[in-house]
S.K.: 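Before I ask anything, here is the structure I am working with.
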Amino acid sequence: MAKHDLNPLTALGHDLPEVIAIGPYLIKERFDVALASVAMRRGRDKDLAKAAKAAGVPLPAPARAEIVTPYSAFWVAPEMWIVEADFGSHEDIAGHLKLVLGDAASITEQTDAWVRFDISAADLSPLLERLSNLDLASLPIGYASRTVIEHLGAYLIKRRETEVTLYGPRASAQSLLHALEVTAKSVI
Amino acid sequence: MSQVNRISGGQIDRTQSIRFTFDGQPYAGHPGDTLASALLANGVQLMGRSFKYHRPRGPLSAGSEEPNALVELRSGARQEPNTRATVAELFDGLTANSQNRWPSLRFDALAINDRLNTFFTAGFYYKTFMWPAAFWEKVYEPIIRRAAGLGSMSRLEDPDEYDKGFLHCDLLIIGAGPAGLMAALTAGRAGARVILADEDFRMGGRLNAETYAVGDQAGADWAAAAVAELASLPNVRLMNRTTVVGAFDHGIYSAVERVSDHLPTPLPGKPRQTLWRIYSAHAISAGGATERPVAFENNDRPGIMLAGSLRAFANRWGVAAGDRVAVFTNNDDGLRSAKDLQAKGVDVVAVIDCREGGDLLPGIRHLRGAEVIDSGGRLGLKSISVRQSSGKTEVIRVNALGVSGGWNPNVNITSHHRSRPEWRADIAAFVPGAGGPDNLISAGAAAGILSTHGALATGQAQALVVLERLGRSAKPAALPKAEDAPIAISPLWYVHHGKGRAWIDPQNDVTIKDVKLAHQENFSSVEHLKRYTTLGMATDQGKTGNVIGLAVMAELTGRSIPETGTTIYRPPYTPVAMGTLAGRSRGKEFKPFRLTPSHKWATEQGAVFVEVGNWLRAQWLPREGETHWRQSVDREVLATRKSVGICDVTTLGKIDIQGTDAGAFLDRVYANTFSTLAVGKCRYGLMLREDGMVFDDGTTARMGEHEFVMTTTTANAVTVFRHLEYCRQCLWPDMDVQLISTTEAWAQYSVAGPNARRLLQKIVDQDISDVAFPYMGAGNVTVCGGLRARLFRISFSGELAYEIAVPTRYGDAMIRKLVEAGAEYDAVVYGTETLGVMRIEKGHVAGNELNGQSTALNMGLGKMVSKKKDSIGMAMAQREGMNNPAGYRLVGVKPVDAANALTAGSHFLEIGAAPIVENDGGWLTSMVYSPHLGSHIALGYLRGGDQKIGRRMRAVNFLNKTDIEVEIVSPHFFDPEGERLRG
Amino acid sequence: MIINHPILGPRDAQEFVYLGDANLINRPDGLTASPQEMHDYVYLRTNPAGEHRELWYHEQGDRSWLVVTRNTVTHEITKVELARDVARQMGRSK
């Protein structure tokens, strides 16, 4: 990217992402991920699948995430995904994707629409069963779904039994973190 | 006072003593006690005063069905009224007070109501406070409100926290008595995901209150062993202190877990209670049964309680409710109470059994064919009057009486979907009827199977039914041996004797007399009976009394009980605190906040914030020396119009619309045309509802051939997006259109004023001269040497203006950069008030005008609705009534005397016209003070307003009593030709 | 209530926004429809005590509009379809 002197702030309003440990729960704000939505243009199934495959952009099945490099992705709506990449190398992720996917998809930068928290603990259930109605215990690894957390719509990705990613609305990052913190403190 | 009534045994920890107070008196109890059991142990029977008659009352029961022993628990902000002493778990330092009495529990002035009882019968309110009607609100209601109700609120903010959560299971078992435990063992051993919930702090249900064995163990020990085994199973979740309060659709149940109520205060960070939403594939109702009394005169005295509860106090808590005890029963279970008490060494003076013949209890004075007809004792039971089978009456001195009229299966939760319970004559009780919640089945006493063996057997059998439906195989374990006594009951609802009052619903003070009166006045359907007498309408929902009331009505009407029918129960099973329903959503946590990208900077500047939806927006930004908001706003407006102002407009909804049909799609959803918009340009768009009313407005830019960015109002961002998805999926499913919200992805700032371009040119890397970036231009640019950004040349203020958007993470840096670059132009940052002043000066509509009842024509935008293409709302906007030339039109309003302030909401009247509805000409929608014009100005909807420009009228407001002469003007107060914004 | 989403499986009705009668899909063309036809479309709805086809929007989910066949008396849900598929079956296209 071109040079400029604008200092970025994290969604929580700081220079550096926060890491918060509450009992066994570790909540890490992630500031190093670029996001773009990829929505298939009508009737372009084959074109998109081919271009995505060639470029290494996964387009997982409904309610699933696929975590690979350089691009990961999770399903958000019929024929729509959010693609993740390293921010350092892909700050202009929409530009990168437009180059490889062409006009087979509508691509929109989403990096700063979201705040991302990676939450890990040996047993996440006591925390998440107080926040989301998803049945975490029975969900497969790689499950991805929108869910409601204290009035906020958020995407939850089950990365492994002991770790989930939450993408919540960036403007409400502090409210979402507050919900995570008070709930974590109530179950330790 | 010592624990004079404490006897041997029970599941209390006698090695520890717990101190507590009741009405200021100190007492002691043990871990495992409830407040009721501890008070009884200390010889205290009197615990409250009744609702209407202020009669002295003690506990009727030992459980959650309790109607009488309601107390105020704790003190200060944690004071909780109407807590049932029978389920309040004792803790060290507990304080409780009696309620509904003054000056004291023993002497209560309002006990005079008891003497006036003939006055306070059913229908009292309906008959007494009818006339004059005007008296109700001012006189009657305040008096009644003061006299009515039981406990009092602290009126302080609840210091505790409450939480919510979600659980999932294959099988939810409600109640951990013998049936529930056996069901949980069966399903748990088979590997099913089981939740076992019980309202009690100790699982086991009636097994804890009985003396009989299960297998070769005491019942309570078997229960403890079962709980231990269940606790070892990872697929079973045990939830004690958890009441399942409601059954909802499709296997959803709500349950309240009392996380901290057994502690003086919640542990740090812990909620007081948690409201669980339980998603279950199947559920078993194993909530047991509730005993009911037999009504007789003065049957509400402290010391008169249910026989099974008397037995529970003795067996579970080692408490005799009195030292001279009698039992009045119509069934064999009542005899069991007498035997258990006798075995505990309590002096059982007599058993009064209404049934004739049969075996006599050994070693007890067992009066057959006898009835209790009255009782004596002012603040507690001293004697009962017994009518023997011979007709002879006898007064027997006792200080506790157990009454058993039979057991009602707990059908409560099974009737939450309006299923009517069915009458079973053999047990003289209602059992769950057909049509209850899907996949909810009952077991044990809740199903009308009243023996311990029956509970174990049906608990196992119903669990096997569930396992089969879940597709799991299970081998039934051998059932432990347990008592299987048949039910021998001879229904007796109330004792026919005398003219005194016999209570059936003690919490609402409903007596047999009230039922008779209801019948006499033709309120004889059960639903009328309930509402006329208030039977069963107290917080206990009549768990002990309803059946008696309708049995009496059946007798009076000559119908059978099934013909008479029964009212049903509603959630919640037991009362739920409002705080529990609110969870964490209160105070500052009522809803999440949304912070704008400039929030951190604005906070540093001391900005005053306003909540707009969930957003916190800067309302104005005071500078040193400014003491009134108007000073700040006037300064912001004048500075912007003079030079340049900056405003955070991120909150406006932004929707990315792409696809080869994106232009055609916009033509359908906007009343005006967008498919012809050139790439790199934007246009104001008006969105209608299908009924022709204006829905929303905003500017939409064409960023590429197949790529648009739509702006919505802040308030409608969500509903517009929903509407677009509806149009895309339901109306035109084959259009190639893709949508995604980008509201929060971009930090967007408006830069407005004559020096806007000069300021921005210092930041934007490309040429933004009028030629290179003309009015209504839009495009991708870079700023500060290369950061991707979007620039729109649009204006809400009427000034030369741009909106610049950068990725949100750079929003904080951008506001600082804009302020720094603007310093040489004396740039100001302005808030929503200044935004409002400038848009009204320009006659732009906003929320007050976009009120859901206004058409494009009303707003003066009628020409924007294209009739050449189909769009949402276009057809309906053509209706005659919506095109009335004399209809509302947006106008500007100025006071004739500039010193007069206007008020939004004022109505237009012709000069000299009477202020009546017929003369109403419309109303003022938005009002501000315009520092530029030096007076208040307003927008308004005026009938035929476009024909009335220049006319003088009045703006009348009855609320603040103003009547101001105004001049109707064009809504475009400022720069009507728009020369400034094209500059 | 639980709505068995055709793509995502059972989801709590709390995640959805309710619109009403699925007949809203049958939108007449605004240029050719008679005023009466348009009026009936906008204002007249059946409100049966019994089986009803309704539009629900999975706002806190995948943003699908669904046609839910629900008994308004018992809340029994017998069919859930993607509204886009239903619209196409009803002959709607662009």
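In the text below, chain A, chain B and the rest are named by the order of the sequence lines, each starting its count at 1. As a basis for the values below, the full set of heavy atoms in this structure was taken, side chains included, without hydrogen atoms, waters or symmetry mates. Predicted, not measured: the structure shown is a model, and the values here were computed from it.
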S.K.: Can the ring centroids of B:His416 and B:Tyr569 be said to lie less than 6.0 angstrom from one another?
M.R.: no

S.K.: Please identify each residue that fulfils side-chain contact (heavy atoms from CB on, under 4.5 Å) with B:Pro437, with sequence neighbours left out.
M.R.: B:Ala247, B:Tyr253, B:His417, B:Leu440

S.K.: Testing the 3.5 Å rule here: is there a donor-acceptor pair between the side chains of C:Tyr41 and C:Asn23?
M.R.: no

S.K.: Does the side chain of C:Gln36 pick up a donor-acceptor pair with the side chain of C:Asp40 at under 3.5 Å?
M.R.: yes

S.K.: Give, as side chain, backbone, both or neither, the part of C:Glu37 having an atom under 4.5 angstrom from any heavy atom of chain B.
M.R.: neither

S.K.: In terms of heavy-atom pairs under 4.5 Å, which option from C:Lys94, C:Glu76, C:Met38 contacts chain B the most?
M.R.: C:Lys94

S.K.: Give a yes or no answer on whether the side chain of C:Arg88 reaches the backbone of B:Pro733 with a donor-acceptor pair at less than 3.5 Å.
M.R.: yes

S.K.: Would you call B:Glu690 and C:Arg27 a salt bridge, using N to O less than 4.0 angstrom?
M.R.: yes

S.K.: Of all the residues in residues 63-72 of chain C, which have a heavy atom that comes within less than 4.5 Å of a heavy atom in chain B?
M.R.: C:Arg63, C:Ser64, C:Trp65

S.K.: Select one option (side chain, backbone, both, neither) describing which atoms of C:Thr74 are under 4.5 Å from chain B's heavy atoms.
M.R.: backbone

S.K.: Do the side chain of B:Asp870 and the main chain of C:Gly30 share a donor and acceptor less than 3.5 angstrom apart?
M.R.: yes

S.K.: Quickly, which of B:Leu688, B:Leu857, B:Val694, B:Leu686 forms a side chain to side chain contact (heavy atoms under 4.5 Å, CB included) with B:Met864? Name it, please.
M.R.: B:Leu686

S.K.: Answer with side chain, backbone, both or neither: which region of C:Leu24 has an atom nearer than 4.5 Å to a non-hydrogen atom of chain B?
M.R.: both

S.K.: For the residue pair C:Glu54 / C:Tyr18, report whether a side-chain donor-acceptor contact shorter than 3.5 Å exists.
M.R.: yes

S.K.: Report the residues that fulfil ring-ring contact (aromatic ring centres under 6.0 Å, His included) with C:His75, sequence neighbours left out, ordered by chain and then residue number.
M.R.: none

S.K.: Using non-hydrogen atoms and a 4.5 Å limit, figure out which bit of B:Phe248 sits close to chain C: side chain, backbone, both or neither.
M.R.: neither

S.K.: What part of B:Met874 gets within 4.5 angstrom of chain C, counting heavy atoms only: side chain, backbone, both, or neither?
M.R.: side chain

S.K.: At what distance, to the nearest 0.5 angstrom, does OH of C:Tyr57 lie from CD of C:Glu15?
M.R.: 13.0 Å

S.K.: Is B:Arg277 in contact with chain C via its backbone, its side chain, both, or neither, using a 4.5 Å heavy-atom distance?
M.R.: side chain

S.K.: Less than 4.0 angstrom from a charged side-chain N to a carboxylate O is my criterion; do B:Arg722 and B:Glu725 meet it?
M.R.: no

S.K.: Given a strict heavy-atom distance threshold of 4.5 Å, which part of C:Val17 is in contact with chain B: side chain, backbone, both, or neither?
M.R.: side chain

S.K.: Heavy-atom cut-off 4.5 Å, strictly under: side chain, backbone, both or neither for B:Ile252 against chain C?
M.R.: side chain

S.K.: Taking 4.5 Å as the heavy-atom cut-off, does anything in residues 655-675 of chain B contact chain C, and if so which residues?
M.R.: B:Asp661, B:Arg668

S.K.: Would you call the rings of C:Trp56 and C:Phe16 parallel, tilted or perpendicular, where under 30° means parallel and over 60° means perpendicular?
M.R.: perpendicular

S.K.: Does the distance from a Lys or Arg side-chain N to an Asp or Glu carboxylate O, for C:Glu59 and C:Arg11, drop under 4.0 Å?
M.R.: no

